[in-house]
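Please read these numbers as outputs of a predicted model, since none were measured by experiment. This chain uses plain numbering: 1 for the first residue, then up along the sequence.
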Amino acid sequence: MKQFTTGDLSKQIGDITDAASREPVMLTRHKKPCFVLMSYEHYEHMRAGGNPRRAYHVSKMPAQHAELFDEALDRLGRGEGYNDEP
């Protein structure tokens, strides 16, 4: 994640918003993170929970993911690997 200071914001608004259109940008104040600037599209995607790479602790995993996880562990336990998938 790219970083800028809050002071940079007034001097480099174009560069910072360009960077934020591609990925979230961290804004720091006194060398500490204080804001994240991102595109509205990215924000809406996050709000909708659309990040397929989201990680869960096993105890908090959604039921549908837990079922898939258990099935994969069973296959691996039987010596079947992912390369065996059709």
Return each pair, listed once, that meets side-chain hydrogen bond (donor to acceptor under 3.5 Å, both in side chains) where at least one residue sits in residues 32-43; pairs must be two or more places apart or across chains.
-> Y40-E44

Min side-chain heavy-atom separation F4-V25 under 4.5 Å = yes

Heavy-atom side-chain proximity of M38 to V36 below 4.5 angstrom = yes

D8 and T5: side-chain hydrogen bond (donor to acceptor under 3.5 Å, both in side chains), yes or no, with the steps?
-> CA-CA 5 Å; D8 292 335; T5 67; 3.2 Å; yes

Interatomic distance, NZ@K11 vs CD1@I16, rounded to 0.5 Å, equals 10.0 Å

Consider only side-chain heavy atoms of I, L, V, M, F, W and Y, link residues closer than 4.5 Å, and tell whether L9 and M26 are in one cluster.
-> no

If you take all heavy atoms of E23 and M1, which pair is closest and at what distance?
-> OE1-CA, 4.3 Å

About how many Å separate CG of D15 and NZ of K2, when rounded to the nearest 0.5 Å?
-> 9.0 Å

Minimum heavy-atom distance G14-T17, with the two atoms named = O-OG1, 3.2 Å

Show your working on side chain to side chain contact (heavy atoms under 4.5 Å, CB included) between T6 and T28 and close with a plain yes or no.
-> CA-CA 6 Å; T6 53; T28 62; over 6 Å; no

Establish whether I13 and F35 are linked, either directly or via other cluster members, by ILVMFWY side-chain heavy-atom contacts under 4.5 Å.
-> yes

